[in-house]
Each structure stands twice: as C-alpha cells, then as structure tokens.
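Here the structure comes first, spelled out in structure tokens, and everything after it is commentary.
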Amino acid sequence: MFVPCEGGGPELQGFTLLMPAVSVGNVGQLAIDLVISTLRMTKIGYFYTDCLVPMVGNNPYATSKENSVELSINAEVYSLPSKKLVVLQIRSPFIKNKYRPFCQALLSWVESSKCARVILLSSSHAYQRDDEQLLGTPLRYLLTPALEKAVEGRMQELKWKEMEKIAAYPGINDREKVLHIPGGGITKLLFTESCSKGIQMAVLLKFCSEGDNIPDAFALVNYLNEWLQLIKSKGSHSTDISPEQEIPDTSSQWKIPSSWRLLFGNGLPPALF
C-alpha cells in the first residue's frame, strides 16, 4: 500500500514506474540508486508492506550533514514530474512465501494510480545461461503483450536482444520452451502476473555473478538510459565500441550516492594491527 508523505501524494496518472527486482548481485537496486541520486528525485512516500524484511537507516542519498540524519525504510517512492517518472526503491529482501502477496499489492497500486507502464530492473545468474544466451551482450529485455505493440519497434531500432526461453525438459523435449530467470527474485512472477492483467511492463535484466556488482549496475542503467534518455549521453554509438556492448557509456555522468561508500562495509580497524 502506498503511503504518501505529509502534504498528500502527487497525481501519477501517465507516469512510468521504475523499480528493481531483489535479484542476484542487487544489480537492479544499485541501478535505481544511480537514477534517484543523479536526477535528484524527491521522496513522495512509502510502500507499506509486510512482505519485506523490516529495515530502517539513514538517508542513502545524503548531500549534507543536515539531511544525512533523515530516516529511510525498506520501500520508498520517489518522483520526478518533469520526466513523468516515479521510482520505487526496495532495500531489503522478501520474507519467505511473500512474493505473490507483494506482486498483487504492487500491481493493484499500479492500476489504482493509473501509471502508464512499469519497468523492472533485474538480473539473472550468469552461470545458468544456456548456449544461446552465452552469445553477444549479457543484457536482455522482456515485454508484456500490452506494451509490445507500443515499443517493439523501438527495441528493434536499438538492436536489443529479447530474453530467450529455454527447453522445459532439456534432452527430453527441446521443443517446449519456458521462461527461466534463475536468481531473478520476483521477476518472473511479476512479469507473468502483468501479462495476465494486461499491464504494460518491460523487464530489463543483466546476466551477472555475485561480487562487486557496481559495473553491472552501470551497464544496466546505461541500457535503461538508451531507451528512456534520462540523461544525455555525450556521444552516440562510436567506432571504438565493441559489437557486444553497443550502448553509449554514460557511466561518468551518473552520480554515485553517498551510501555507496559503505557498500562493502567499513574498513579494517587499525587496532587489528
């Protein structure tokens, strides 16, 4: 359930909702951090749910000592009316068996707020790719039927690769194909639910492994930016870009939030030595 900040929530009709899946490497969440920090988005409320592990902390996008003491919780909503963009950031994992209730509550909010479309940033285990998925770029997309007609032409212009379906029973029946997103968290469930409800949704994902996933986050947010043009790239495709990564690199233009200083914890205490 969306709970607006004091003063009431803004009108979200026609807005694009951008959100992460809590997936391998937390790549979607890191990419969302870059979007909120760079665009200086305003917090407009919270998504109150019992499906996420409770969490509270300091302002992850602090720019001064004064606003660093502001509190943040596990699911917050940010807005940028000038771009008709609303962002849901999720900062904690899901409670076991709570995927479906969360997806239902989220899509109910999408329908009631009349958001135009949803874009889900996700990731999937690189080591579980099949032979076809090993080829070319590690970035993929999915579109629900409700959104496909509107943007499929644009995806073809960008030369993006759609997420491949894999054999349901490899070696036994290779003709029956299914969507498989290992490590993708709520991605598959939210996508299939959106398909059945006629909601316009796009999934943008990257194959990756656990570790330092900052480069993966930059790759995913650059991928998103190529479509939405949230920030202007300094140059379009150039001859020195490899065929596997034909996305304009805007990494230097994204603002890293202050909270990333503690991404891998504090340094070693000097007392140890």
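One-based numbering along the sequence shown.
In this structure, the side chain of Ser92 engages the main chain of Val53 through a donor-acceptor pair within 3.5 Å. A donor-acceptor contact shorter than 3.5 Å is absent between the side chain of Asn59 and the backbone of Glu70. The backbone N or O of Gln29 lies less than 3.5 Å from a partner atom in the side chain of Gln89, making a donor-acceptor pair. For Thr192 (side chain) and Leu189 (main-chain N/O), a donor-acceptor pair under 3.5 Å exists by modelled atom type. At distances below 3.5 Å, at least one donor-acceptor pair connects side-chain atoms of Ser72 with backbone N or O atoms of Asn58. A distance-only check finds no donor-acceptor pair linking the side chain of Gln13 to the backbone of Ser113 [under 3.5 Å]. In this structure a side-chain-to-backbone donor-acceptor pair under 3.5 Å is present from Arg261 to Ser258. In this structure, the side chain of Ser23 engages the main chain of Ser123 through a donor-acceptor pair within 3.5 Å. In this structure, the side chain of Lys206 does not engage the main chain of Gly28 through any donor-acceptor pair within 3.5 Å. Between the side chain of Asn213 and the backbone N or O of Ser209 there is at least one donor-acceptor pair closer than 3.5 Å.
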Report the C-alpha separation of Leu39 and Val35 in whole Å, then their side-chain angles, then the decisive distance to 0.1 Å, and conclude whether the side-chain contact (heavy atoms from CB on, under 4.5 Å) test is met.
CA-CA 6 Å; Leu39 300 180; Val35 171; 3.8 Å; yes

Applying side-chain contact (heavy atoms from CB on, under 4.5 Å) to Leu179 and Ile181, what does each step give before you reach the verdict?
CA-CA 7 Å; Leu179 183 62; Ile181 309 177; 4.2 Å; yes

Is there a side-chain contact (heavy atoms from CB on, under 4.5 Å) between Leu107 and Leu190 once you walk through the steps?
CA-CA 8 Å; Leu107 295 180; Leu190 193 57; 3.9 Å; yes

If you apply the rule side-chain contact (heavy atoms from CB on, under 4.5 Å), what do you find for Val87 with Phe15, and how did you get there?
CA-CA 10 Å; Val87 171; Phe15 277 51; over 6 Å; no

Would Trp254 and Asn222 count as a side chain to side chain donor-acceptor pair (under 3.5 Å) here? Give the steps.
CA-CA 9 Å; Trp254 296 106; Asn222 285 337; 3.0 Å; yes

Test salt bridge (Lys or Arg N to Asp or Glu O under 4.0 Å) on Glu193 and Arg100; report intermediate values, then the result.
CA-CA 9 Å; Glu193 287 287 312; Arg100 190 170 294 278; 3.1 Å; yes

Run the numbers on Thr63 and Asn67 for side chain to side chain donor-acceptor pair (under 3.5 Å), then give the verdict.
CA-CA 7 Å; Thr63 55; Asn67 65 16; 2.9 Å; yes

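Applying the salt bridge (charged side-chain N to carboxylate O under 4.0 Å, His left out) test to Lys165 and every residue at least two apart in sequence or in another chain returns nothing. For Lys188, there are no salt bridge (charged side-chain N to carboxylate O under 4.0 Å, His left out) partners, not counting sequence neighbours. For Trp227, the ring pair (Phe, Tyr, Trp, His ring centres under 6.0 Å) test picks out no residue, with sequence neighbours left out.
What you find for Ser122 and Leu220 is that their closest heavy atoms are O-CD2, 3.7 Å. Smallest separation of non-hydrogen atoms from Pro101 and Cys51: CB-SG, 3.9 Å. The two residues Asp33 and Trp260 have their closest heavy-atom pair at OD2-NE1, 3.1 Å. Minimum heavy-atom separation, Leu71 to Lys43: O-NZ, 3.2 Å. For the pair Asn74 and Pro54, the tightest heavy-atom approach, listed with the atom from each and the gap, is ND2-CA, 3.8 Å. Here the shortest heavy-atom pairing between Ser79 and Met41 reads C-CE, 3.6 Å.
Expressed to the nearest 0.5 Å, how far CG of Leu204 lies from OH of Tyr141 amounts to 10.5 Å. A distance of 8.5 Å separates CG in Leu34 from CD1 in Ile214, rounded to the nearest 0.5 Å. Between the CG atom in Leu30 and the OG atom in Ser259 there is a gap of 9.0 Å [rounded to 0.5 Å]. How far CG of Leu17 is from CE of Met201: 8.0 Å, rounded to the nearest 0.5 Å. Taking OG1 from Thr187 and CE from Met163, the interatomic distance works out to 9.0 Å, rounded to the nearest 0.5 Å. Here CG of Leu135 is found 9.5 Å from CZ of Arg129. Values are rounded to the nearest 0.5 Å.
Side-chain contact between Gln133 and Ile166 is present, with at least one heavy-atom pair separated by less than 4.5 Å. At least one side-chain heavy atom of Arg140 sits under 4.5 Å from a side-chain heavy atom of Phe207. In this structure the side chain of Ile90 reaches within 4.5 angstrom of the side chain of Leu52, judged on heavy atoms. Trp160 is listed as a side-chain neighbour of Tyr223, based on a closest heavy-atom distance under 4.5 Å. Under the 4.5 Å side-chain criterion, counting only non-hydrogen atoms from C-beta, Met19 is in contact with Ile186. Considering only heavy atoms from C-beta on, Glu111 comes within 4.5 Å of Ile199 through its side chain. Within the 4.5 Å cutoff, the side chain of Thr16 has no heavy atoms near those of the Lys84 side chain.
Salt-bridge formation is not detected for the pair Lys177/Glu164: no Lys NZ or Arg NE/NH1/NH2 atom is positioned less than 4.0 Å from an Asp or Glu carboxylate oxygen. Ion pairing between a basic and an acidic side chain is recognised when a charged N comes within 4.0 Å of a carboxylate O; Arg91 and Glu76 show such pairing.
Exactly one residue among Leu85, Leu80, Leu120, Ile36 makes a side chain to side chain contact (heavy atoms under 4.5 Å, CB included) with Leu18. That residue is Leu85. Each of Leu88, Thr49, Leu106, Val77 was scored for a side chain to side chain contact (heavy atoms under 4.5 Å, CB included) with Phe2, with one residue passing: Val77.
Taking the six-membered ring where tryptophan is involved, the planes of Tyr78 and Tyr61 are perpendicular, since the angle between them exceeds 60° and thus also 30°. In this pair, Phe102 and Phe94 present their aromatic rings perpendicular. The plane angle is above 60°, beyond the 30 to 60° band.
Ile231 and Leu224 fall within the same hydrophobic cluster, where Ile, Leu, Val, Met, Phe, Trp and Tyr residues are linked whenever their side-chain heavy atoms come under 4.5 Å apart, directly or through other members. Leu228 and Leu139 fall within a single hydrophobic cluster, where Ile, Leu, Val, Met, Phe, Trp and Tyr side chains are chained together by heavy-atom contacts under 4.5 Å. Hydrophobic clustering (side-chain heavy atoms under 4.5 Å, transitive across Ile, Leu, Val, Met, Phe, Trp, Tyr) keeps Val24 apart from Val27. Both Val110 and Tyr99 sit in one connected hydrophobic cluster of ILVMFWY residues. Membership requires side-chain heavy atoms under 4.5 Å apart, directly or through other members. Using a 4.5 Å cut-off between side-chain heavy atoms of Ile, Leu, Val, Met, Phe, Trp and Tyr, with links allowed through other members, Tyr46 and Val56 fall into the same hydrophobic cluster.
With a 6.0 Å radius and a threshold of 12 heavy atoms from other residues, nucleotides or ligands, Asp212 has its CG atom above the threshold.
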